[in-house]
Amino acid sequence: MKTTAEIRQAFLDFFAAREHRVVKSSSLVPGNDPTLLFTNAGMVQFKDVFLGSEKRAYTRATSAQRCVRAGGKHNDLENVGYTARHHTFFEMLGNFSFGDYFKKEAIEFAWDFLTNSCGLPAERLWVTVYEEDDEAASIWLDEIGVDPNRFTRIGDKPGKRYDSDNFWAMGDTGPCGPCTEIFYDHGPDVPGGPPGSPDEDGDRYIEIWNLVFMQFDRAADGTMSPLPAPCVDTGMGLERLAAILQGGHSNYDIDLFQHLIKAAGRVTATDDLAVPSLKVIADHIRACAFLIVDGVLPSNEGRGYVLRRIIRRAIRHGYKLGCKDLFFSRMVAPLVEVMGEAYPELSDKQAYVTEVLEREETRFGETLDQGMKLLEAAIVELSDRRIPGEVAFKLYDTYGFPIDLTRDIARERELNVDEEGFERAMGEQRERARAAGSFGAKDGLPAELIAELKPTEFLGYSETGVDSAEVLAIVAEGRSLDRLSAGQHALIVLDRTPFYAESGGQVGDTGELRNDGASFEVADTRKLAGVFHAHDGRLASGEIRVGDRVNATIDRARRADVVRHHSATHLLHSALRRILGDHVQQKGSLVAPDRLRFDFSHHSPVTEAELAEIERMVNAQIQANAQAQAREMAFDEAIEAGALAFFGDKYGDEVRVLSFGEFSVELCGGTHVSRVGDIGAFKIISETGISAGVRRIEAVAGQRAVAWMQEQERVLRELSGRLKTSPEQVGDRVEQLLSRSRELEKELERLQGKLASAAGSDLASEAREVAGIKLIAARLDGVDPNGLRDTVDQLKNKLGSGIIVLGTATDNGVRLVAGVTSDLTQRFKAGEIVNHVAGQVGGKGGGRPDFAQAGGSDAEALPGALDSVAAWVEERV
């Protein structure tokens, strides 16, 4: 019996032996793809290749892709723990062809692997094809020899053309085509019929492999045109295959899950390993750990919110087992034991993942018990079988219970949740974790140009100007042009260029393309389809035609400023990891001529002391003046050499490794200084948080750093002049002024207190009786809120029994207070009184029965509002 790890490796080895490039699993956070919340299939990292907007050095690939389906369009979270095959995290085995082989080879590979490599008997396999795909049907029946009695054609759903379980589409438009699926028959002892039959929803026949044939391009009007280079995209769940090969029916029976379930039993002190909650914990630790490895941190929005939901669902299942101590973070080590070899990044970040989970577990644990008590109390009071929407919302808003967690608990009690009421209470908050599910084509070069043009040769690492470069294409508003006239804006693609195209945070170069009769002003340079440098700008004079030769020259001074900031960014990144820890990962960057911005993962603000040490460390490297070295090498070789890479799914097979001595070694295609000393100086300007678990540092380098420090010195000199002291004594002088200001504020409070006391004494004599109740309703200007409150208390004491309403007008509007002595609070509420007055001055307020306060905006209406209190009291008597 093969282990899950052995099955994974056997699949990759099978296709590697058949000339497929073994491609590493990409991140669970899709690179440069805003249309997906998480990577949910093996084809995601190849999507641009299928769309034709990216080229790879190979035409066959295979991968074991880690996937998450727990948010957005694809969400299996609520089924986990209740079925045999639903997971938040799973591994998808796949093989891909980009215009190389097609249906015949894909089908032969699949059958060979399943029947020969895996040893599955043909009589236990069932095959389906799209009803109209005669080609695939012929291959299966005539060449492979599948039993016709174990073969089904699946047609379109009633009234819907090309809408079938055996027709796959990337979106409403674009690449699509028929697919063929392979099912495993678990035998007659398991209920359920074959695919396509009325009983197909049973568990007897389980889909294990889907082979998609991208054959057509669907237009917006539904027209289907053959693709010039048909592709193959396949996907097979590793866990499902392992269950079959290990003789089980449930994915949770495989060796990997049994290891995790036993570990969950140990950490929760649960002896019965068949308890469903252990399956939930075993499943959820995989999703949580790998999401954190890929840079996602718990938060209240987007991907971080989904991660938080999964963590809290697992913690609640531990609570259900009677475990109220930290346990979930202790599952990381057992996970590393079974998956660390296949995914070394998990082993490398074991301590960090454990720390993040422990912190989140502690945070939720503080409110879980209180939330459960609230829910239990609400369930006891139910008049029907539905938990009120306001209770579900309070659990979410106050105690951190995601709605699916409340649904879980309700399902266990055979209850349901008032979803409509919850939706009303949640409003837009409920949309935070949603993500769009449609694909969109990239703008830029027309598809026909991408197919025809040769990649741009970039010479900008060593050259700032190139003579006689050929104009390969001119594109304006998405259309290909033969020539460009003066005044027109366009993209120009050259056969070779010194212009760096915006990438990796570094802004694109600016400059000029010129020949004898024309001048094209380049305002930006962009990379299109991954290989073409498009010079974006305006033709200032003359005319340029496709095939012309031009001299291309970048703005050298601007480039020099850019490279200083880019090289400084690498030093900053390395210093952050050395000072804060290896968990720091780049989350985004901007490298511009005037500044740099670096976003990175870190769970708390960087302290002033840490920032000072980071800045000192970078400047020390600048002074050491190491030489920059750039080497081309294989991606795997670069990683083994210690190069940092956080966007691996977007790197090619050959990568550029940039090093500054031993201090910084990263994969980078950008332009840089020759020696570190060329940076000149480095200064951090600010450090802020931009989202949960993500911090941002902005800094300047070179002459920009000098200019920034000179401006700070100018401001300091000007400030010291105003304070009549020397620059080095400004801090002491400011502290003296602050101390004096605090003393004056205290003195002002004392004076206002005396004023309030005096006013209170005067006002007490003005009290009048209304229906036998003493009432004071007066305006008292020049008194702050504390003074008004003190005056009300004094008047209560002086009156013994009565009602007091005081108002004051300020530059910002009206402030009101109302007080009712304790013997009258059963009949009169201070909040009702103050709101009666506040409503007349454009405001509202509230408070206790004996004291309330309010604000308003209409000071002119204050006298009349105060006069109305007597009538209000008299009406209620």
Side-chain angles (χ1 to χ4, degrees), residues 32 53-55 442-445 449-450 453-476 480-481 484 488-567 569 589-594 596 628 630 632 650 652 656 658 668-674 678:
N32 300 327
S53 60
E54 181 182 345
K55 295 182 178 180
K442 293 184 177 179
D443 58 1
L445 300 180
L449 279 182
I450 294 175
L453 295 180
K454 64 178 182 180
T456 306
E457 181 184 2
F458 176 60
L459 304 174
Y461 292 131
S462 58
E463 305 292 339
T464 57
V466 172
D467 294 336
S468 193
E470 182 183 357
V471 177
L472 298 182
I474 302 172
V475 177
S480 180
L481 306 179
L484 193 66
Q488 283 186 285
H489 291 261
L491 301 174
I492 292 182
V493 178
L494 306 177
D495 64 337
R496 52 203 179 94
T497 183
F499 283 76
Y500 181 81
E502 180 179 352
S503 181
Q506 180 176 332
V507 296
D509 278 331
T510 62
E512 183 183 31
L513 308 182
R514 173 181 288 277
N515 62 22
D516 291 339
S519 172
F520 182 84
E521 299 171 345
V522 181
D524 191 14
T525 309
R526 294 186 282 144
K527 186 175 288 188
L528 300 179
V531 293
F532 305 111
H533 288 232
H535 305 78
D536 188 348
R538 170 182 171 273
L539 186 61
S541 61
E543 180 181 274
I544 289 182
R545 295 175 177 269
V546 173
D548 283 356
R549 297 280 176 174
V550 296
N551 296 334
T553 307
I554 69 171
D555 182 334
R556 294 181 176 89
R558 181 178 180 275
R559 163 75 80 81
D561 284 335
V562 170
V563 300
R564 290 188 187 98
H565 284 100
H566 199 163
S567 297
T569 301
S589 68
L590 171 68
V591 179
D594 59 338
L596 69 87
E632 299 284 341
K650 286 297 176 184
R656 187 168 184 263
L658 183 79
C668 184
T671 55
H672 288 274
V673 296
S674 298
D678 297 341

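Using a 4.5 Å cut-off on side-chain heavy atoms (C-beta onward), D495 and R549 make contact. Between P498 and V466 there is a side-chain heavy-atom pair separated by less than 4.5 Å. For the pair H565 and V507, the minimum side-chain heavy-atom distance is 4.5 Å or more. Residues T553 and R514 fail the side-chain proximity criterion, which asks for heavy atoms closer than 4.5 Å.
The only option from V471, V546, D548, I474 that meets the side-chain contact (heavy atoms from CB on, under 4.5 Å) definition with L484 turns out to be I474. When each of T525, T497, T456 is tested with H535 by the rule side-chain hydrogen bond (donor to acceptor under 3.5 Å, both in side chains), just one qualifies, namely T497.
Here the closest non-hydrogen pair linking R496 and D467 is NH2-O, 2.8 Å. The two residues S567 and V673 have their closest heavy-atom pair at OG-N, 3.1 Å. Between F499 and A552, the shortest heavy-atom contact is CE1-CB, 3.8 Å. Across every non-hydrogen atom of L453 and A473, the tightest pair is CD1-CB, 4.0 Å. Taking all atoms of both residues into account, the shortest heavy-atom contact from G670 to H566 is CA-CE1, 3.8 Å. Of all the heavy atoms in S589 and G504, the pair that sits closest is OG-O, 3.4 Å.
Going from atom OG1 of T569 over to atom CD of Q506 covers 9.5 Å, rounded to the nearest 0.5 Å. Going from atom OG1 of T464 over to atom CG of D509 covers 9.5 Å, rounded to the nearest 0.5 Å. Taking CD1 of I554 as the start and CD of E512 as the end, the distance is 13.0 Å to the nearest 0.5 Å.
Counting only distance, with no hydrogens or angles, the side chain of E502 and the backbone of D524 share no donor-acceptor pair below 3.5 Å. Looking only at distances, a side-chain donor or acceptor of N551 sits under 3.5 Å from a matching main-chain atom of S468. Between the side chain of Y461 and the backbone N or O of H672 there is no donor-acceptor pair closer than 3.5 Å. Judged purely by atom type and a 3.5 angstrom limit, R559 uses its side chain to pair as donor or acceptor with the backbone of G460.
One finds a salt bridge joining R564 and D561 here, because a Lys/Arg side-chain nitrogen approaches an Asp/Glu carboxylate oxygen to under 4.0 Å.
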Item to check | Pair R526-L491, side-chain contact (heavy atoms from CB on, under 4.5 Å): steps then yes or no | outcome: CA-CA 9 Å; R526 294 186 282 144; L491 301 174; 3.2 Å; yes

Next on the checklist: I'd like to know whether V550 forms a side-chain contact (heavy atoms from CB on, under 4.5 Å) with F520, so could you lay out the CA-CA distance, the side-chain angles of the two residues, the decisive distance to 0.1 Å, and finally the verdict.
Outcome noted: CA-CA 10 Å; V550 296; F520 182 84; over 6 Å; no

Next on the checklist: Show, in sequence, the C-alpha distance, side-chain angles and deciding distance for L494 and L513, and conclude whether the side-chain contact (heavy atoms from CB on, under 4.5 Å) test is met.
Outcome noted: CA-CA 10 Å; L494 306 177; L513 308 182; 4.0 Å; yes

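Ring pair F458/H533: centre-to-centre distance below 6.0 Å.
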